[in-house]
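Reading through the structure tokens given below for one structure.
Keep in mind it's a predicted model, so treat the numbers as computed, not measured.
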Amino acid sequence: MKKSYYITTPIYYVTDAPHIGHLYTTVAADILAGYHRLIGEEVWFLTGTDEHGQKCEKKARETGETPQALADRVVERYKIAWHRYGIRYSDFIRTTEERHKKVVTHYIEKLMKTGDIYLAEYEGLYCVPCETYWTETQAEGGKCADCGRPVEKLKEESYFFKMSAYEKKLLEHLEKHPNFIYPESRRNEVLGFIRQGLKDISISRTTIQWGIPMPQDPGGKKANKEHKVYVWFDALTNYLSALGPLENNPKVAQYWPNAIHLVGKDILRFHAVYWPTFLMALGLPLPKQIVAHGWLTDSNRKISKSLGNAIDPMALAEEVGVDGMRYFLFREFVFGLDGEYTKEVMIQRINSDLANDYGNCISRVCSMILKYCGDAPVAIEKILSEPCEPRDAVGEAIPVFHNEMQSYGFQKALEAVWKMIASVNRYIDSQAPWALAKSSDPADKEKLKKVLFQCHEALRVASVFLLPIIPTSARKALKTLGASESHSGDAPLLQKSGWGQGPKEIKVEKPEPLFPRLENKA
Ligand code: ME8
């Protein structure tokens, strides 16, 4: 049976159009989904939008729309951006959909019955933009521990979730599953937080209208129509509600045990503490892993709409191209760490790696093949049976690439691919095909063909590896190389990416520039 893989992105707030930070997480998920598909696994890839709560309500007031109209409008911006970037999600969930609201209500009813959700009075320091309560110690100097903005004193009747009851169980889970939170530095932060003691948390709000109503309290206490479900408990449930009903649902059985939540470090605690304890209370299995990445920053400040430094992915796609962006984001930055975004570095990276190294190399090799060997198909099986430098480079890169892709080391995986490409460029320089072409010795003619097709093979393998990362360009490259079939069929990343596993006969096409050189207009 095929292995299954379930990858999720956070569901993004519809308060604004997507920016480069949202793009970062979504492309990461798309690369992982693509990679796992290409190694033959069955993949479910979920993304979507978080449409309830105070933030959306407030934004709608500002824009003079109903919250639903705001959500309907902004969700299109997300869908258009993801389409533009070739994001191949399996499902897009919106928290205002019936399928989602039903599940949230059902879970809360269930926990009201077991007593894991109860009514009490709450007084605390609240950060409106983050929709989070803080203790006096957490909100040092009256500032939100996350965003640094002032907190407000708020008192309200609220439903609480008995998170404290699951503290020990959660710690045990983390100890038994050291990879549950990735990377390790983030795991340690979460462990530190849990060890300070988990308190029960408020999971309803009376201060908002725009949310899922709390269901009727079965204890016969006060009617609670005015209580709305706290947006985080609404939102987190999307990862399960999107799979459909829990009982007798093959999709849940297949994918839920393999769920991987990809999130930014800003929302790790919700995923690594709130969500697992909520699932424990419901008696449900936990996801397999929670992976937190760093932030893209601008002058060392998080890039975000509210800080006013957001960068529009649609404009970037126009300016540097979709694959240029996809490549840059995962070659330039270490996935778990923050990364400073600058336009200069981006343009430099795309020009040097994509236009010069990769694009030029394909164009050079294909042009020389057409020039020196003609355009009839060439049988290459025998040629590829011999040792050579590009072959060694391919052999070294393959295990590194797979290891890194499976441990979120995108940067190192790409470095491995670029080592193959560099070996081809070196080999061309050392073997000087143009000199061999001038020789009248028939042995040199044979050698010329050999050198060119050895280079060709390393570029074919590199392009197969690049399929999940820069899908459109890698496919175009394979077509130029006359090896399109290498990416179709079963698990091409396993079965077609070894030396000599491509087509037995090659007919290259006239190369066209894969990546035009970019100018820094600024
Ligand atoms: O938090 N660098 O939604 P959101 C990298 N609705 N990634 C960034 C980023 C940056 N500068 N800025 C944003 C929410 N992100 C909730 C999630 S999930 C059940 C509910 C990415 O629209 C990163 O993935 O504020 C971060 O966690 C997410 O966008 C926050 O998106």
Side-chain angles (χ1 to χ4, degrees), residues 31 35 38 321 323-324 326-332 347-369 380 383-384 387-405 409-433 450-484 486-487 492-493 496-502 506 508-509 511-518:
I31 291 175
Y35 172 78
L38 291 163
D323 280 348
R326 290 177 60 114
Y327 174 77
F328 162 71
L329 290 175
F330 293 93
R331 173 61 185 80
E332 193 62 37
I347 290 179
Q348 155 80 20
R349 177 59 78 189
I350 295 174
N351 278 343
S352 93
D353 295 10
L354 292 179
N356 291 357
D357 296 346
Y358 178 53
N360 266 353
C361 195
I362 289 190
S363 152
R364 234 174 140 192
V365 169
C366 291
S367 304
M368 286 194 283
I369 290 176
I380 56 166
I383 291 172
L384 298 185
C388 62
E389 194 193 321
R391 182 181 187 160
D392 293 343
V394 165
E396 273 168 38
I398 292 175
V400 178
F401 181 82
H402 286 295
N403 277 340
E404 295 296 342
M405 287 301 279
F410 304 111
Q411 192 191 41
K412 293 218 167 91
L414 286 167
E415 263 170 32
V417 177
W418 255 256
K419 280 191 184 155
M420 295 188 226
I421 298 167
S423 86
V424 174
N425 276 323
R426 267 198 316 274
Y427 196 57
I428 296 176
D429 292 343
S430 70
Q431 302 300 313
K450 201 156 69 187
V451 167
L452 290 177
F453 281 96
Q454 284 165 334
C455 291
H456 175 282
E457 178 63 1
L459 292 175
R460 180 193 70 79
V461 175
S463 304
V464 175
F465 279 138
L466 290 174
L467 281 169
I469 298 127
I470 46 169
T472 309
S473 312
R475 238 172 260 134
K476 225 161 125 185
L478 284 165
K479 190 165 173 293
T480 306
L481 291 165
S484 306
S486 299
H487 70 267
L493 263 182
K496 299 284 177 70
S497 60
W499 186 264
Q501 288 177 337
I506 291 293
V508 301
E509 292 181 1
E512 276 168 30
L514 265 183
F515 305 95
R517 268 192 78 80
L518 305 171

* Asked: Are any non-hydrogen side-chain atoms of C361 and L459 less than 4.5 angstrom apart?
  -> yes
* **By salt bridge (Lys or Arg N to Asp or Glu O under 4.0 Å) - contacts of R364 (at least two apart)** => D429
* From SG (C455) to CD1 (I362), nearest 0.5 Å -> 12.0 Å
* How would you list, by chain and number, every residue that makes a ring-ring contact (aromatic ring centres under 6.0 Å, His included) with F515, sequence neighbours excluded? -> none
* If you round to the nearest 0.5 Å, how far is CZ of R391 from CG of L384? -> 7.5 Å
* Structure fact -> Heavy atoms of P468 and L493 approach each other most closely as CG-CD1, 4.0 Å
* **Closest heavy-atom pair and its distance - P390, S423** => CA-OG, 3.5 Å
* Write down the atom of G500, the atom of E457, and the distance for their closest heavy-atom approach. => N-OE2, 2.6 Å
* For the residue pair A458 and V424, what are the closest heavy atoms and their distance? -> CB-CG2, 3.5 Å
* Can you name the ring-ring contact (aromatic ring centres under 6.0 Å, His included) partners of F401, sequence neighbours left out? -> F465
* Asked: Residues in salt bridge (Lys or Arg N to Asp or Glu O under 4.0 Å) with E389, at least two apart?
  -> R426
* **L481 to V508 - nearest heavy-atom pair and separation** => O-CG1, 3.8 Å
* Shortest non-hydrogen separation from D357 to D353 and the atoms involved -> CB-O, 3.3 Å
* **Y427: partners by ring-ring contact (aromatic ring centres under 6.0 Å, His included), with sequence neighbours left out** => none
* Asked: Taking only residues at least two apart or on different chains, which pairs with a member in residues 410-421 satisfy side chain to side chain donor-acceptor pair (under 3.5 Å)?
  -> none
* Structure fact -> To the nearest 0.5 Å, atom OG of S497 lies from atom NE2 of H402 at 4.5 Å
* Would you check if E404 and L414 make a side-chain contact, meaning some heavy-atom pair closer than 4.5 Å? => no
* Within-4.5 Å side-chain heavy-atom neighbours: L354 and I470 -> yes
* Structure fact -> One should read off an interatomic distance between I428 CD1 and L452 CG, to the nearest 0.5 angstrom, of 7.5 Å
